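Worksheet for the structure shown next.
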Amino acid sequence: MNVTLEVKQYISKMIEISGPGMKVLLMDKETTSIVSVVYTQSEILQKEVYLFERIDSQNRDNMKHLKAICFLRPTKENVEHLIQELRRPKYSVYFIYFSNVISKSEIKALAEADEQEVVAEVQGRSWEPSMLARCTQGLTSVLLALKKCPMIRYQLSSDMSKRLAESVKQIITKEYELFDFRKTEVPPLLLILDRSDDAITPLLNQWTYQAMVHELLGLNNNRIDLSRVPGISKDLREVVLSAENDEFYANNLYLNFGEIGTNIKNLMEDFQKKKPKGQQKLESISDMKAFVDNYPQFKKMSGTVSKHVTVVGELSRLVSERQLMEVSEVEQELACQNDHSSAQQNVRRLLQNPRVSELDAVRLVMLYALRYERHSSSILSSLMDELSRRGVSERHRRMVQAVVEYGGKRIRGSDLITPTDAVSITKQFFKGLKGVENVYTQHQPLLHDTLDQMIKGRLKDSQFPYLGASSLRDRPQDILVFMIGGATYEEALTVYNLNRSTPGVRIVLGGSNIHNTKSFLEEVMSATGHSSSSSSRAHGGGFHSSRR
């Protein structure tokens with residue numbers, strides 16, 4: 001995949017939409033860098049772009065013979081600069097493109113500033129054509145394989161959700177004759193959501209076995225790289241965790257870390273009872289046959305025990321080394337409580353703890369920024385200074401602003417903190433693995449409430465409209481959820497629990513990625529124009545059934 005070419009095509013599309021005539025490209029610092037990477041000056045001149053200007057420049061001349069193509073990041077500063085520009089327009093017409101979505105209130109502010117009606121088009125964060133095609137192909141392939149022709153609902157606050165919904169609908173309408181679909185059945189529902197509506201969930205430590213492995217070790221196509229584990233044996237440098245082929249993992253992937261400790265101990269004790277004795281006598285043909293028949297079973301069990309003991313041991317070491325129990329307690333407080341005084345004290349205390357890692361320190365500030373970004377007594381600037389004093393890299397510090405741009409209050413269509421969440425946190429005590437006592441599981445992702453309301457028939461059409469004139473009046477039986485921008489294993493746990501607690505309803509979760517903190521932050525930096533990383537806003541993906 002040629003990312004440079006894809007970005008170039010996106011910019012070319014913006015220029016083409018403006019039509020023939022002389023043009024000026026109006027950009028900010030970051031988008032100027034993006035354009036300069038993918039276009040030479042001679043190439044872009046051939047597209048009738050004769051002038052390059054910065055939106056924050058105070059010395060631009062009036063040039064009414066030029067069309068303005070604005071390519072900007074949706075920061076508060078850029079929106080304000082654009083409002084001032086539209087109040088005193090220097091060009092004949094404006095085509096406005098943002099690298100991320102902007103709120104309805106900002107669209108309204110721009111519209112009110114456009115008294116001379118010079119704006120021809122406004123577009124926020126949008127799909128790169130190849131990524132839209134890839135997600136469309138993935139979704140339609142699943143639907144064709146399931147022989148399902150769904151009704152589609154999408155997140156109204158996300159233009160990307162609507163675009164994907166329309167693209168999928170177009171394909172399945174053309175291929176309708178391939179579906180073995182009876183009109184007497186309750187049609188399935190495809191719900192398309194945008195990750196930016198809940199940026200908190202991917203920033204939290206998640207304490208199920210599967211989620212912890214992905215967060216602390218990285219789970220890539222069911223494989224874990226353990227080569228950096230101190231004293232690791234050669235045969236355990238890479239291990240596979242697959243629920244299809246590993247019974248222990250299948251039975252434990254959704255359990256909390258404390259329970260895993262108990263179950264690992266039981267697994268080892270069971271193995272000790274069943275393994276062949278070292279001095280086992282083979283005195284007859286039947287003895288030898290029994291040994292040969294049983295040996296593969298013992299060998300497989302031995303491998304399972306060694307693998308999980310190693311993985312859990314490394315998870316335990318990292319939890320202790322990074323003081324993640326204490327970090328997680330404050331994370332849960334930030335995500336679920338409404339006590340600013342306590343939150344600011346606890347975040348500041350952890351930032352001053354040298355054992356807290358740079359990534360964990362930045363995550364805490366991100367969660368504080370998302371939770372209290374508009375609080376009258378916000379100490380965000382002070383916390384940013386604290387990160388600087390710790391020696392946190394500039395790139396990590398920039399991630400704080402990027403996360404707010406990506407999923408702050410002006411972006412998301414829902415309030416992540418509801419009145420029922422604002423209760424005192426409860427410590428849950430789990431016995432099993434020594435050193436692991438407090439596991440915090442109070443937080444529930446926004447997806448839980450969205451699906452719960454959908455199942456009960458209470459999900460508002462005004463926020464999640466149906467695509468087309470029809471709507472489902474019966475209780476849904478099959479629900480496919482696709483998360484643009486990536487899902488998390490905490491959300492997979494939510495789907496798993498809803499499937500268990502709601503007989504007659506089957507939910508499948510899919511997304512353009514399965515995130516841990518690092519991959520999510522790469523996504524955020526790319527989506528907000530802070531990074532030249534090859535990570536894209538939506539890149540491929542898969543489904544997670546969570547049906548066990």
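In this chain, residues are counted from 1 in sequence order. Nothing here was measured: the structure is a model prediction, and the numbers come from that model.
Of the N and O atoms on the side chains of H308 and D246, at least one donor lies less than 3.5 Å from an acceptor on the other residue. Side-chain contact, S342 with N346: a donor N or O sits under 3.5 Å from an acceptor N or O. With no hydrogens or angles considered, a side-chain donor-acceptor pair links T517 and E215 at under 3.5 Å. Side chains of E244 and S242: a donor-acceptor N/O pair is absent below 3.5 angstrom, by distance only. Between the side chains of D385 and S388, no donor-acceptor pair of N or O atoms lies under 3.5 Å. There is no side-chain donor-acceptor pair under 3.5 Å between E523 and N513. Between R195 and T201, the side chains place no donor N or O within less than 3.5 Å of an acceptor N or O (distance only, hydrogens not considered).
Within 6.0 Å of CD on E238 lie more than 12 heavy atoms contributed by other residues, nucleotides or ligands. Remark: R475 CZ is packed, more than 12 non-hydrogen atoms of other residues, nucleotides or ligands lying under 6.0 Å away. Shown here is R228, whose CZ atom has no more than 12 heavy atoms of other residues, nucleotides or ligands within 6.0 Å.
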TODO: Give the intermediate values and the outcome of side-chain hydrogen bond (donor to acceptor under 3.5 Å, both in side chains) for residues H448 and E491.
DONE: CA-CA 8 Å; H448 178 276; E491 287 159 336; over 6 Å; no
Open item on the list: Apply side-chain contact (heavy atoms from CB on, under 4.5 Å) to residues R348 and L351 and explain how you reach the verdict.
Closed with: CA-CA 5 Å; R348 193 187 295 276; L351 293 187; 5.7 Å; no
Open item on the list: Under the criterion ring pair (Phe, Tyr, Trp, His ring centres under 6.0 Å), I'd like the reasoning laid out for F520 against Y406: C-alpha separation, chi angles, the key distance, then a yes or no.
Closed with: CA-CA 11 Å; F520 173 64; Y406 176 91; 5.7 Å; yes
- [ ] Step by step, work out the side-chain contact (heavy atoms from CB on, under 4.5 Å) result for I507 and T502.
- [x] CA-CA 10 Å; I507 308 169; T502 318; over 6 Å; no
TODO: Applying side-chain contact (heavy atoms from CB on, under 4.5 Å), run through H340 and Q344 and close with a yes or a no.
DONE: CA-CA 6 Å; H340 179 257; Q344 65 173 342; 3.7 Å; yes
TODO: Could you go through the side-chain contact (heavy atoms from CB on, under 4.5 Å) check for V505 and L498 one step at a time?
DONE: CA-CA 8 Å; V505 175; L498 284 172; over 6 Å; no
Task: Derivation and outcome, ring pair (Phe, Tyr, Trp, His ring centres under 6.0 Å), residues Y368 and H375 - done: CA-CA 10 Å; Y368 175 87; H375 196 279; 8.3 Å; no
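Here the side chain of S316 pairs no donor or acceptor atom with the backbone of V312 at under 3.5 angstrom. A donor-acceptor pair under 3.5 Å links the side-chain atoms of D225 to the main chain of S227, judged by distance alone. K162 places no side-chain N or O within 3.5 Å of a backbone atom of Q155 that could act as its donor or acceptor partner. The closest donor-acceptor contact from the side chain of D194 to the backbone of D197 lies at 3.5 Å or more, if one exists at all. Remark: side-chain polar atoms of Q206 are not paired, donor with acceptor, to backbone N or O of A211 under 3.5 angstrom. When atom types are taken as modelled, the side chain of T140 and the backbone of T136 share a donor-acceptor pair closer than 3.5 angstrom. With S512 contributing its side chain and G486 its backbone, the two residues share a donor-acceptor pair below 3.5 Å. A donor-acceptor pair under 3.5 Å is absent between the side-chain atoms of E326 and the main chain of Q323, judged by distance alone. Between the side chain of R506 and the backbone N or O of I479 there is no donor-acceptor pair closer than 3.5 Å. Remark: side-chain polar atoms of N205 are not paired, donor with acceptor, to backbone N or O of S328 under 3.5 angstrom.
Atom CD1 of I264 and atom CZ of F248 lie 3.5 Å apart (nearest 0.5 Å). Here S320 contributes atom OG and L315 contributes atom CG; the two are 12.5 Å apart, rounded to the nearest 0.5 Å. Atom-to-atom distance recorded for Q444:CD and Q442:CD is 9.0 Å, nearest 0.5 angstrom. Here the CE-CG distance, from M483 to L447, works out to 5.0 Å after rounding to the nearest 0.5 Å. Rounding to the nearest 0.5 Å gives a distance of 10.5 Å between CG of L216 and CD of E321. Separation of atoms CG (L191) and CZ (F464) is listed at 6.5 Å; rounding is to 0.5 Å.
Counting heavy atoms from C-beta outward, L189 and P476 have side chains that approach closer than 4.5 Å. Using a 4.5 Å heavy-atom threshold, the side chains of L203 and L521 count as touching. Between L164 and Y154 the shortest side-chain heavy-atom distance does not fall below 4.5 Å. Using a 4.5 Å cut-off on side-chain heavy atoms (C-beta onward), V365 and M384 make contact. Side-chain contact between L132 and S167: present, with at least one pair of heavy atoms (C-beta onward) separated by less than 4.5 Å. A 4.5 Å side-chain heavy-atom check between N497 and T494 finds every atom pair outside the cut-off. Counting heavy atoms from C-beta on, the side chains of T310 and V239 never come closer than 4.5 Å. Using a 4.5 Å heavy-atom cutoff, the side chains of F257 and T208 are not in contact.
In plain terms, the two heavy atoms of D235 and S233 that are nearest each other are OD1-OG, 2.7 Å. Across all their heavy atoms, L480 and P188 have their closest contact at CD1-CB, 4.4 Å. Annotation for T488 and L509: closest pair O-CD2, 4.4 Å, computed over non-hydrogen atoms. Between P445 and E490, the shortest heavy-atom distance links the atoms CD-OE2, 3.5 Å. Between S501 and P503, the shortest heavy-atom contact is O-CD, 3.4 Å. Taking each heavy atom of I200 and A335 in turn, the nearest pair found is CG2-CB, 4.1 Å.
Using a cut-off of 4.0 Å between Lys/Arg side-chain N and Asp/Glu carboxylate O, R397 and E394 are scored as not salt-bridged. The residues E30 and R398 are annotated as not salt-bridged, no charged nitrogen and carboxylate oxygen being separated by less than 4.0 angstrom. Salt-bridge check for K409 with E373: failed, with every basic side-chain N at 4.0 Å or more from each acidic carboxylate O. A salt bridge links K456 with D452: the closest approach of a Lys/Arg side-chain nitrogen to an acidic carboxylate oxygen falls below 4.0 angstrom.
Under the salt bridge (charged side-chain N to carboxylate O under 4.0 Å, His left out) criterion, the residue pairs touching residues 355-364 are R322-D360, E331-R363, D360-R363, with sequence neighbours excluded.
No option in Y489, Y496, W207 other than Y496 meets the ring-ring contact (aromatic ring centres under 6.0 Å, His included) test with Y254.
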